[in-house]
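Residue numbers run from 1 in the order of the sequence given.
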Amino acid sequence: MFAWVIEEVMRRSLPFCSCRSLWQQHSFRATTSIKDASFPGQQMAHIWATRQSQTSLSRSPVSSVRFYSWDRIQSEDLEVKEHLSSRQSQRRSPFRDRLQHCGSPSDVLDLTSQYAPTVREVSNCLTHMWSTTKRMSDEQRRCELQLMFEHPAFHRLLQKAMNNLGQLRSSDLVYSLVGMVSLGVPQRSRVVQTYLRACQEKLNDFNEKELSILASCLQHMKGSPNVDALKKSMRLVVEARLPTIKSVMALQTIMRLLGKDAPLDLKSKLERKALSMVDEFTLPNSQYMISTMATMGFNSKPLLEFCTKIIKENLHGIPFNRLLEVLNSCRELHYRDFDLLTDISEYITSSVDIWTKKQLILSLSAFEKLNFCPTTLMEAFAEKVISHPEALTLKDLLCVLKVYSSLNYDLQHQRQQFLDSLSQALDSYLPKMSEFDLLRTVYSLCLLGHFPSAPLEELLQSSRLEQFKTTGPTHLLSQERMFQTLNLCLSLDRPPLPQPLTVPKSVLGDPVASSPPANPWLLHSLRSVLQDQADTMLQELEVVESFYLIDGVITKPLPNQTSVTEASGHAEEASSPAESSQRIAVICAPQSFCYGTSNPRGPVAVKVRHLKILGYDHVLVMDQRMQFMPETKRTEFLRRQIFPEHHGSGAQLEMEQPGP
């Protein structure tokens, strides 16, 4: 975030670091044992490791670094406050008293120029410097860090931290490391790497709290030989000490450090440990455990259900960013609780006026990624768009169009107003939009069945279309599918436009060259349904308009119009291909329904719309639900869907219940 400041500061500080005689001694080797070294001044040369010779570099695993980096460690503020307050309980000294009144890193460094800090006070200085920057605005923090790096006492403080490393207690060691990394001291610099080596040697002496603090620090550090070695060592220590861990927060911090690379048997041990501590879970623990499992890539259904229960009971006490983190973590874990998602969406809707536009859009996007349609929230947000369409930025528009087109929610009486408001807001951005963003926008509008002329004409200009010829192979297939959908919408929906528009063949790609594999269980069930039906025909894997694949098309005699209307709910008489027959398209659409409903999402919804125009009725099969049904039940379901006139009003099975 502050790379440009840090690089400039480091560039300016190099001459200072290299010209001081104290820094021109023999280089210190990071591989030297911490316990055996006394760290004399002669060994402290080039703490920053900026001008080592090739010989020195070849002997040291730590490469030279000519830049600073800013990696903020997300440790708990409570841990830092406890560290600082523990100092206050010790014998007071003028230095410690004055340190508490320092409001910036530069104040601390000025103090170290007046008073010589003791070994433990050096650690306290680094922690206090970090603590002061966390309370600053971004701009103020940038300025203060620049002043800190240019301050000559900063180099002396880090040199003293190196000299006295062997005398530090374990807690001072880990807090000093966290402070240095958080302040932006280069992670591959000699001082940081040496502290990492010291942590390796003292690892067995660390208590639960110190392990947690170190784990929090390592989680945000880039890989290096010492970081990787320390992580591996911590894994062994944690596994050995797992039965003795008593703090939920410490357990979660360590779980996050172990991450996705932890062996499955260790993840199972951590799960059992966490389950044994659920009675101690607070609301923050429950939220954090879900994101921790996402970090580990480990889905524990018992833990998720317990945490979900606590969250549902305390929704009003959770800030927005935590709610958003819960939703995003659920998506990563492929875990969806219908009641949880409903409760969160209704909670946000009930207080919609207190959330910012950005928060509402982020929550809508999170729900869309979970394939969940938050109906009340979508209605409330649509009202805001209708009232103030000019408030939407281009990024907002792209996200809103994606959400509403993907979830295929019918706004009913608000629909036209909402779509017109989006089009109005979109017009001013059209000349500035990239070609691909413009295509995505038009595609979303097509899914919604809305065809404003301005974006269509802008997209289909020859100069715009020319740019799509340079699309790389990664996005080419997606681009062609969107253009093919647009082409079908123009030819089948026949929107009233000021002038006729067509999509050139050059951007459409090849038509469907080969059909995907059939669903044998579905075809077998369809044959079973039709085996005793006279005058009924089944066509398997039919491709319509060189684009839409239909698993099975059933042609059967058309009953009288009244029974058709009552049984199937389709009132468009002109949709039948002939007066004497009816075509039913059976479509297997895995993962294509809004979670917990039988409402098809965007691409399938537009497919159904076009099949109706072409004269087909349709039966949608949810792969996840149907594939694992007993054969008799699956056949009975299909029979009711295909021949509703024989079964009265019981055509719909339990398809509205939440699925997996």
Checking the side chain of [X] only, and the main-chain atoms of [Y] only, is there a donor and an acceptor separated by less than 3.5 Å?
X: Asp410; Y: Gln412; answer: yes
X: Ser212; Y: Glu208; answer: no
X: Thr244; Y: Arg241; answer: yes
X: Arg256; Y: Ala215; answer: no
X: Asn408; Y: Pro600; answer: yes
X: Glu368; Y: Lys402; answer: no
X: Arg336; Y: Leu370; answer: yes
X: Thr597; Y: Phe593; answer: no
X: Gln359; Y: Thr356; answer: yes
X: Thr349; Y: Leu377; answer: yes

Atom of [X], atom of [Y] and distance for their closest heavy-atom approach:
X: Met234; Y: Leu218; value: SD-CD1, 3.6 Å
X: Asp551; Y: Cys588; value: OD1-N, 2.9 Å
X: Leu407; Y: Cys594; value: O-SG, 3.3 Å

Is it the case that the side chains of [Y] and [X] hold a donor-acceptor pair, with the cut-off being a distance below 3.5 Å and no angle test?
X: Tyr548; Y: His610; answer: yes
X: Ser233; Y: Gln200; answer: no
X: Asp420; Y: Gln416; answer: yes
X: Ser300; Y: Glu271; answer: yes

Please list all pairs meeting ring-ring contact (aromatic ring centres under 6.0 Å, His included) that have one or both residues in residues 386-412, counting only residues at least two apart or in different chains.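 As it turns out, the ring-ring contact (aromatic ring centres under 6.0 Å, His included) pairs with a partner in residues 386-412, which skip direct neighbours, are Tyr404-Phe418.
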
With [X] via salt bridge (Lys or Arg N to Asp or Glu O under 4.0 Å) - residues at least two apart:
X: Lys357; result: Asp396
X: Arg634; result: Glu631
X: Lys312; result: Asp337
X: Glu313; result: Lys309

Residues Asp138, Arg141: salt bridge by 4.0 Å N-O rule: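 Result for this pair is yes, salt bridge flagged.
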
For the pair Arg440 and Asp437, find out whether any cationic side-chain nitrogen is under 4.0 Å from an anionic carboxylate oxygen. yes

So Tyr347 and His316, would you call those rings parallel, tilted or perpendicular, with 30° and 60° as cut-offs?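 Because their plane-to-plane angle is over 60°, the rings of Tyr347 and His316 count as perpendicular.
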
Would you call the rings of Phe306 and Phe281 parallel, tilted or perpendicular, where under 30° means parallel and over 60° means perpendicular?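 Rings of Phe306 and Phe281: perpendicular, over 60°.
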
Where at least one partner belongs to residues 259-270, residue pairs that pass side-chain hydrogen bond (donor to acceptor under 3.5 Å, both in side chains), sequence neighbours excluded: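 Checked against side-chain hydrogen bond (donor to acceptor under 3.5 Å, both in side chains) - neighbours excluded - the pairs reaching residues 259-270 are Glu239-Lys269.
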
